[in-house]
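For reference, positions follow the sequence shown, starting with 1.
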Amino acid sequence: YLCGGQSNMEFAMPADANASAEIAAADAYPHIRIFSVGHRTSSATPLRDLQTVWEPWQVASRATIAKDFTPHSHLFATFSAVCWHFGKSLS
């Protein structure tokens, strides 16, 4: 399954009410992956170069779901809490 979207996908793990517990449990879900494309990638046709990849494919872990890859970001990290909970529910 693939989880994606717009602004609702920016609700990130640090903003989750249970962030500490979710981050602590992340190593138990190595089948969940992250790939994050930045806001400046837009096209009406398929692209070979996404231009603004914030994070290439990585295994979900304590480090990757809590890590913030966006410049000057304070609340919204790259790993979407919405996608994290979706992935866990499919496990």
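Taking every heavy atom of both residues into account, Ala24 and Arg62 meet most closely at O-NE, 3.0 Å. Contact detail for Ile65 and Ala26: the closest heavy-atom pair is CD1-CB, 3.6 Å. In terms of heavy-atom proximity, Ala19 sits nearest to Met13 at CB-O, 3.0 Å. Taking all atoms of both residues into account, the shortest heavy-atom contact from Tyr29 to Lys88 is OH-CE, 3.6 Å. Residues Pro30 and Val59 share a closest heavy-atom pair of O-CG1, 3.4 Å.
Using a 4.5 Å cut-off on side-chain heavy atoms (C-beta onward), Asp16 and His85 make contact. Looking only at side-chain heavy atoms (C-beta outward), Phe79 and Ile23 stay at 4.5 Å or farther from each other.
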Inset, instruction - Let me see the working for Ile34 and Trp57 under side chain to side chain contact (heavy atoms under 4.5 Å, CB included), right down to the final yes or no. - result: CA-CA 5 Å; Ile34 178 175; Trp57 286 105; over 6 Å; no
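To the nearest 0.5 Å, atoms CD1 (Ile32) and OG (Ser91) are separated by 4.5 Å.
With hydrogens and angles ignored, the 3.5 Å screen pairs no side-chain donor or acceptor of Ser43 with any backbone N or O of Pro46. Between the side chain of Asp27 and the backbone N or O of Ser61, no donor-acceptor pair lies under 3.5 Å.
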